[in-house]
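Structure first, then comments.
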Amino acid sequence: WLWPCPLKREIRLRINECGGEMAASSNEKDVIRLGMDGDHVDKSTYNVAFVPTCIAHETLLDKELFRLPETKRTKTAKTSFKPSGGGGKRQKYTDEEDLAIIEYVRKAEKTAGIGTGKGSVGGNVFWKEAFKKGLTTHPWESMRDRYRKILLPRVVSPKKS
């Protein structure tokens, strides 16, 4: 599991390519929590470099070599630390992410058709697959809601300029 950051998509793709899976939550069983130097982390967080280093060595290395030092939050840090989940400032969608979601849905519509059971665009399985494939850095629930509430209305009835 990794906090949303610019590296998250790349790390997720590399993990998936090697047969692993990026967890949707840091609370899931057997999750390795990843962070970056300077992040406010607890004692069970490891440097994100753990993943590419293991891949480069083609083996699972001792994660303790990558443990990040626990950082105590100060009053200043509390006001500046805003994770994407849990009450902090949300990570905005980029135009590229919106386009990626729209293209992913269109491709699925052509391949499987809408409303074909568990592979349908509206189904949770569809969006969980999009998350596993690293479509964006956002959770699958967020992508699903973004498509349903924001993107779909724009695609169905685009604004006239």
Is there a continuous path of hydrophobic side-chain contacts, each under 4.5 Å between heavy atoms, that joins [X] to [Y]?
X	Y	value
Ile101	Leu99	no
Leu61	Val48	yes
Phe66	Ile55	yes

Do Glu97 and His138 touch side chain to side chain, with heavy atoms closer than 4.5 Å?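 Contact flag for Glu97/His138 side chains = yes.
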Do the non-hydrogen side-chain atoms of Leu65 and Phe50 ever get within less than 4.5 Å of each other?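 Not touching, per the 4.5 Å side-chain cut-off.
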So, are Arg67 and Glu64 salt-bridged, with charged N and O less than 4.0 Å apart? yes
So how far is it from [X] [atom1] to [Y] [atom2], rounded to the nearest 0.5 Å?
X	Y	atom1	atom2	result
Lys133	Lys128	NZ	NZ	15.5 Å
Leu135	Trp127	CG	CH2	7.5 Å
Asp98	Glu96	CG	CD	9.0 Å
Leu152	Ile102	CG	CD1	9.5 Å
Asp95	Lys92	CG	NZ	12.0 Å

Using side-chain contact (heavy atoms from CB on, under 4.5 Å) as the criterion, list what pairs up with Ile15, not counting sequence neighbours. Ile11, Met22, Val51
Can you give me the closest heavy-atom contact between Ala49 and Pro52, atom names plus distance?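 The answer is O-CD, 3.4 Å.
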Can you list the steps and then say if Arg12 with Phe131 is a side chain to side chain contact (heavy atoms under 4.5 Å, CB included)? CA-CA 9 Å; Arg12 182 185 305 129; Phe131 174 79; 3.1 Å; yes
Under the side chain to side chain contact (heavy atoms under 4.5 Å, CB included) rule, what do Tyr104 and Met143 come out as? Steps first, then yes or no, please. CA-CA 11 Å; Tyr104 185 75; Met143 288 189 284; over 6 Å; no
For the ring pair Tyr93 and Tyr147, is the centre-to-centre distance below 6.0 Å? no
Taking it one step at a time, do Trp140 and Val125 satisfy side chain to side chain contact (heavy atoms under 4.5 Å, CB included)? CA-CA 9 Å; Trp140 68 267; Val125 171; over 6 Å; no
